[in-house]
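Naming convention: chains lettered A, B, ... in sequence-line order (proteins, then strands); numbering from 1 in each chain. Computed from a predicted model, the values in this text were never measured in an experiment.
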Number of protein chains: 2
Amino acid sequence: MQSVQSPLTRKLGSFVVLSSAELKTLDDLHRRRRNFVAGRDLMHQGQTDQAAYILSDGWVCSYKLMRDGKRQIVDFQIPGDFLGLRSVLFHTADHNIEPITPVTASEVLASDLIDAFASSPRLATAVLWAASRDEAMVVEHLVSIGRRSALERTAHFFLELSARLKLVGLGTVEGYACPLSQYMLADALGLSAVHVNRVLRELREEGLLTFQKGKVTIHDFEKLVDVADFDRTYLDDYGPLLR
Amino acid sequence: MQSVQSPLTRKLGSFVVLSSAELKTLDDLHRRRRNFVAGRDLMHQGQTDQAAYILSDGWVCSYKLMRDGKRQIVDFQIPGDFLGLRSVLFHTADHNIEPITPVTASEVLASDLIDAFASSPRLATAVLWAASRDEAMVVEHLVSIGRRSALERTAHFFLELSARLKLVGLGTVEGYACPLSQYMLADALGLSAVHVNRVLRELREEGLLTFQKGKVTIHDFEKLVDVADFDRTYLDDYGPLLR
DNA sequence: CAGCAACGCTACTTTAGATCAGTTTTTAGT
DNA sequence: ACTAAAAACTGATCTAAAGTAGCGTTGCTG
């Protein structure tokens with residue numbers, strides 16, 4: 001029994017209680033470690049036979065590029081998250097993945113996954129849960145962009161990141177380190193960089209939140225939750241539900 | 001061996017080749033059939049211990065409601081689609097599901113799913129594939145709302161529906177039956193109903209597509225693909241990839 | 001078959017956020 | 001330490017889509 005868990009084990013462990021055999025299987029998925037430099041895409045849309053990865057250190061973003069050069073960032077991934085899981089099942093990648101910081105990740109092949117599922121159906125359920133959680137986030141982003149104002153949307157974004165980072169021990173109620181530029185924020189929020197800047201100023205002036213020099217500081221959590229219409233149960237760590 | 005397949009079997013079968021034991025397991029998921037009337041929600045956000053369903057007939061929409069009454073439709077589901085799969089794994093529903101037409105669906109419990117996965121890891125992979133496909137659509141909606149204009153977005157929407165319906169045999173290149181109102185379209189596209197109406201007029205006047213009286217007629221597929229920046233490989237039926 | 005409720009449609013007005021065109025500040029490289 | 005480039009920031013103008021208001025049409029339902 002190991003005391004140091006991988007971020008993925010930690011995350012899945014919050015959903016299912018894992019046996020030591022299952023922990024071992026998860027551990028085995030972390031053979032084939034790879035390192036990537038920031039800025040150089042790790043996966044391209046259209047690329048075939050791409051492996052998936054489990055992110056163990058650093059931040060990346062998943063995005064789609066439009067014909068005219070505009071881009072939409074779908075989500076940022078932090079340690080413990082899968083990268084490009086869809087690409088494996090689809091045989092071809094439908095989005096790009098760019099490391100924002102230097103990154104270390106473990107390559108996972110389709111066959112690894114199928115073998116893991118064969119050794120434990122509970123693991124299959126756990127991975128499906130993780131995938132569903134990712135989808136829930138994408139859905140929330142859709143709602144944000146579709147129906148929330150720029151201010152509400154930005155507030156929601158920072159609260160979501162806060163909840164996610166807290167779960168893997170990378171943030172507190174006061175705030176967290178955040179290596180994103182205002183341009184990336186703009187691409188994620190469906191806004192222009194100029195407008196993001198104005199919204200950040202407003203959040204700061206309203207005493208809600210400050211994002212400066214790679215640090216997010218939450219000044220008034222309650223007011224922020226109210227502004228963003230943030231669901232407190234969203235992404236919460238309920239403790240293992242499936243035993 | 002049956003010659004009449006359920007829409008789900010048909011869909012999953014386009015991804016993995018299924019053994020007769022696996023077909024039987026899928027069939028067993030269709031015990032517990034339920035009927036629902038249009039308009040009366042089948043699932044509510046916040047509801048706990050909700051079962052999932054496999055939709056066998058009719059259309060439904062999944063949506064989220066905001067504090068101020070605005071709503072965002074995340075996706076429409078057609079026969080063969082899972083309803084509320086996330087809700088089962090999350091123990092509580094994070095969205096609402098409303099039948100648009102009268103609907104028949106089969107109730108699926110978390111335990112059914114786990115049992116099915118235990119009997120066949122390939123089935124687990126197939127279900128993960130279906131879930132990933134749904135996520136890919138949500139991602140595409142996100143991109144649409146975030147970076148496409150109202151016209152492009154609407155064009156993209158109708159092309160996506162066309163591709164999905166063709167796969168389950170409910171549409172052709174010329175068009176398809178579509179029981180949606182302009183209000184629902186607005187809630188799905190992140191637009192106002194008034195603006196949807198204007199966009200539909202423009203699509204009609206440009207000779208691209210007509211949506212009237214519950215029927216979508218595609219006048220110029222190629223031009224529509226161009227306007228929408230629609231990826232032709234998106235949602236395509238590649239034939240079984242995993243053998 | 002009258003009357004009401006959806007739904008579809010259009011013109012006018014308003015607004016949130018984009019775009020343009022910079023300046024200032026911070027960061028990283030030689 | 002000095003430059004170059006990237007990121008942050010600002011004000012002025014523009015525009016896509018929202019909101020508002022109202023009319024016509026269809027189809028229920030009592």
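With the end axes of the helix from C:dC1-D:dG30 to C:dT30-D:dA1 each set by five pairs, the angle from one to the other reads 50° at 10° resolution.
Under 4.0 Å is where a charged nitrogen must lie from a carboxylate oxygen, and between A:Glu222 and A:Arg232 at least one such pair does. For B:Glu140 and B:Arg148, the salt-bridge test passes: some basic side-chain N is under 4.0 Å from an acidic carboxylate O.
At the phosphate of C:dC9, OP1 or OP2 sits under 4.0 Å from a side-chain N or O atom of B:Asn197. Listed pair B:Arg201 / C:dT10 meets the phosphate criterion, a side-chain N or O lying under 4.0 Å from OP1 or OP2. Within the structure, every side-chain polar atom (N or O) of B:Gln212 is placed at least 4.0 Å from both OP1 and OP2 of C:dC7.
To the nearest angstrom, C1' of C:dG8 lies 14 Å from CE of B:Met184. With rounding to whole Å, A:Leu200 atom CG is found 9 Å from D:dA8 atom P. The separation between B:Leu185 atom CG and C:dG8 atom C1' is 13 Å, rounded to whole Å. Distance, A:Glu202 CD to D:dC9 C1': 15 Å, rounded to whole Å. Taking atom CD of residue A:Gln182 and atom P of nucleotide C:dT24, one finds them 18 Å apart after rounding to whole Å. B:Tyr183 has its OH atom 7 Å from the P atom of C:dC7, to the nearest Å. Atom CD1 in A:Ile145 sits about 19 Å away from atom P in C:dA16, given to the nearest Å.
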>> Return a single string for nucleotides 13-30 of chain D, one symbol per nucleotide in 5' to 3' order, where B is base contact, S is sugar-phosphate-only contact and - is none, cutoff 4.0 angstrom on heavy atoms.
In response: ----BBBB------S---
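The backbone N or O of A:Val194 sits nowhere less than 3.5 Å from a side-chain atom of A:Asn197 that would complete a donor-acceptor pair.
Each ring pair (Phe, Tyr, Trp, His ring centres under 6.0 Å) pair with one or both residues in residues 44-81 of chain A, not counting sequence neighbours, appears once here: A:Phe36-A:Tyr53, A:Phe76-A:Phe157. Residue pairs meeting the salt bridge (Lys or Arg N to Asp or Glu O under 4.0 Å) criterion with at least one member in residues 32-47 of chain A, sequence neighbours excluded, are A:Arg32-A:Asp112, A:Arg34-A:Glu107. Residue pairs meeting the ring pair (Phe, Tyr, Trp, His ring centres under 6.0 Å) criterion with at least one partner in residues 164-190 of chain B, sequence neighbours excluded, do not occur; the list is empty. Screening residues 175-189 of chain B for salt bridge (Lys or Arg N to Asp or Glu O under 4.0 Å), with sequence neighbours left out, gives A:Arg147-B:Asp187, B:Arg71-B:Asp187.
Side-chain polar atoms of B:Gln45 and B:Asp94 form no donor-acceptor pair below 3.5 angstrom. B:Arg204 and B:His219 share no donor-acceptor pair across their side chains, judged by distance under 3.5 Å alone.
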